[in-house]
Amino acid sequence: MERRIFLIATEESGDRLGANLMKVLRQRLGDGVQFEGVGGRAMAREGLESLFPIEELSIIGLAAVVKDLPKILGLIKETAIAVTEAAPDILVIIDSPDFTHRVAKRVRAKDPTLPIVDYVSPSVWAWRPGRARAMLKYVDHVLALLPFEPEAYRRLHGPPCSYVGHPLTEQLASLRPDADEAARRAESPPVLLVLPGSRRSEIRHHMAVFGQTVARLQEQGTAFELLLPTMPHLQETVVEAVKGWPVQPQVVIGEQEKRAKFRIAHAALAKSGTVTLELALAGVPMVTAYRTGAMEAWILRRAIKVNSVILANLVIGENVVPEFLQEDCTPDKLAAALRDVMSDSDLRRKQLEGFAKIDGVMSTGNQPPSVRAADIVLATMWQAKAG
């Protein structure tokens, strides 16, 4: 009997998760599975024909969202209608909660019997915790990437939540150095990575202050080899932005090149986000920073309920990575912290000790995250059919 599975992923990271999930579901169900929904290039390679290009939703910042709101609302409505007309056996929404949850609410209102799984928890533990309880009305199971999230859902009285593992735990070989690369890490001048972000808005907010920071370091006599990894779609923006830097970095392009530089890096200056967990798994001590627009900052400052926004700190359970947000994100403060983390300091040792704990904390045994996720998706689907 053919099974129809509808998936919705609107960002590249979610697209990769969706593609890996589709592979395992096809292994489990064979040719008797049909996929429909919204996704990017990775999901297309697994046979998904997307309702629309996910690039239509690459919108960052309140001003951009307000300007494009009619378009966004139209795509939400269009997607929800497509789900109900497809009448799938299960709906899997992947990350991007501002879009996917609105679709899920509409679908649940039209068809209360359709099981819905949310792959990647929204950050209910950090801000707007009331979302967890609200999700009970339209999500049957949450698949968490971070090990502390199931406990957060229990505490906040949300839907069932299971830790399936983070996809980065399947990529450790590409993050960790071999003997030659470890030797380069220890050599002089030390390799310093600058990671301003993966979105144009993040580049705009961070490039100037990061450039001024590395200039301060050089002025104060700190030697380093400066590398700036970025993605192909940002290459032109980044190259233009670094033209005014007093210290010129080597710009490296693409995911493989980025990972290669992680394996030889001595330290990093990074925008807060998933990259902090990537660096921690690679064993690269770091200083983190984040700037955004004044309105977004005002909202986030009042909404955030945790004492760190750094994923590495949250997973370790200790604030070992320093973070400089908004008005604290200045060249002088960043340069001082970088000097500390680049030397044989207590800060550097404390970070490395914390990073050494992450493998144990994030372990999923011998099961890859995509396999654990697929098993829960199928169990939720069978349970709904049996009920």
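All residue numbers in this chain count up from 1 along the given sequence.
In the model, T222 has no side-chain atom that pairs as donor or acceptor with a side-chain atom of R339 under 3.5 Å.
Residue pairs meeting the ring-ring contact (aromatic ring centres under 6.0 Å, His included) criterion with at least one partner in residues 145-171, sequence neighbours excluded, are W125-F148.
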Going through the checks in order, is the salt bridge (Lys or Arg N to Asp or Glu O under 4.0 Å) test met by E225 and R184? CA-CA 11 Å; E225 179 183 346; R184 176 63 190 94; 2.8 Å; yes

For salt bridge (Lys or Arg N to Asp or Glu O under 4.0 Å), just list the numbers for E353 and K350, CA-CA rounded to whole Å, side-chain angles, deciding distance to a tenth of an Å, and then say yes or no. CA-CA 5 Å; E353 288 168 5; K350 191 173 182 181; over 6 Å; no

Test log, rule salt bridge (Lys or Arg N to Asp or Glu O under 4.0 Å), inputs R4 and D89: CA-CA 5 Å; R4 297 163 70 91; D89 293 285; over 6 Å; no

Decide side chain to side chain donor-acceptor pair (under 3.5 Å) for D111 and T113; before the verdict, give the C-alpha distance in whole Å, the side-chain angles of both, and the deciding distance to 0.1 Å. CA-CA 5 Å; D111 184 359; T113 66; 2.6 Å; yes

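A donor-acceptor contact shorter than 3.5 Å is absent between the side chain of E257 and the backbone of G254. S345 contributes a side-chain N or O that, together with a main-chain N or O of D340, makes up a donor-acceptor pair within less than 3.5 Å. A donor-acceptor contact shorter than 3.5 Å links the side chain of T288 to the backbone of P322. R185 contributes a side-chain N or O that, together with a main-chain N or O of R263, makes up a donor-acceptor pair within less than 3.5 Å.
Taking the charged nitrogens against the carboxylate oxygens, D359 and R176 do have a contact shorter than 4.0 Å, which makes a salt bridge. Of the charged side-chain nitrogens involved, at least one lies within less than 4.0 Å of a carboxylate oxygen, so that R154 and E151 count as a salt-bridged pair. In summary, R26 and D31 do not engage in a salt bridge, as defined by a charged side-chain N under 4.0 Å from a carboxylate O. Residues D328 and K333 are paired through a salt bridge, judged by an N-O separation under 4.0 Å between the basic side chain and the carboxylate. A salt bridge is defined here as a Lys NZ or Arg NE, NH1 or NH2 lying under 4.0 Å from an Asp or Glu carboxylate O, and R349 with D344 meets this definition.
Under the 4.5 Å side-chain heavy-atom criterion for ILVMFWY residues, no single connected hydrophobic cluster contains both L136 and I93. No path of Ile, Leu, Val, Met, Phe, Trp and Tyr side chains, each step under 4.5 Å between heavy atoms, connects V284 with L226, placing them in separate hydrophobic clusters. Cluster membership for I264 and L269, using ILVMFWY side-chain heavy atoms within less than 4.5 angstrom, is not shared. Under the 4.5 Å side-chain contact rule for hydrophobic residues, V120 and V377 share a cluster. Cluster membership check: W245 shares its hydrophobic cluster with V287, using side-chain heavy-atom separations under 4.5 Å among Ile, Leu, Val, Met, Phe, Trp and Tyr.
Taking OG1 of T100 as the reference point, atom CD1 of I76 lies at 9.5 Å (rounded to 0.5 Å). Here the straight-line distance linking atom CD of Q34 with atom CG of L48 works out to 10.5 Å at 0.5 Å rounding. Atoms CG and CE, on L277 and M362 in that order, are 5.0 Å from each other to the nearest 0.5 Å. We find the OG1-CZ distance between T213 and R216 to be 7.5 Å, quoted to the nearest 0.5 Å. Rounding to the nearest 0.5 Å places CE of M381 at 5.5 Å from CZ of R3.
Here the closest non-hydrogen pair linking S272 and I310 is CB-CD1, 3.4 Å. The two atoms that bring S370 and L21 nearest to each other are O-CD1, 4.2 Å, heavy atoms only. In terms of heavy atoms, A82 sits closest to L51 at CB-CD1, 3.5 Å. Taking each heavy atom of I54 and A9 in turn, the nearest pair found is CG2-O, 3.4 Å. Here the shortest heavy-atom pairing between A335 and Q220 reads CB-OE1, 4.3 Å. The two residues L228 and V194 make their nearest non-hydrogen contact at CG-O, 3.5 Å.
None of V92, I90, L143, I116 except one satisfies the side chain to side chain contact (heavy atoms under 4.5 Å, CB included) rule with T380; the exception is I90. With M286 as the fixed residue, the side chain to side chain contact (heavy atoms under 4.5 Å, CB included) test singles out one of V321, V275, V320: V321.
The 12-atom threshold is not exceeded at CZ of R41, counting heavy atoms of other residues, nucleotides or ligands nearer than 6.0 Å.
Ring pair F224/H266: centre-to-centre distance not below 6.0 Å.
Between S162 and V142, the closest side-chain pair of non-hydrogen atoms is not below 4.5 Å.
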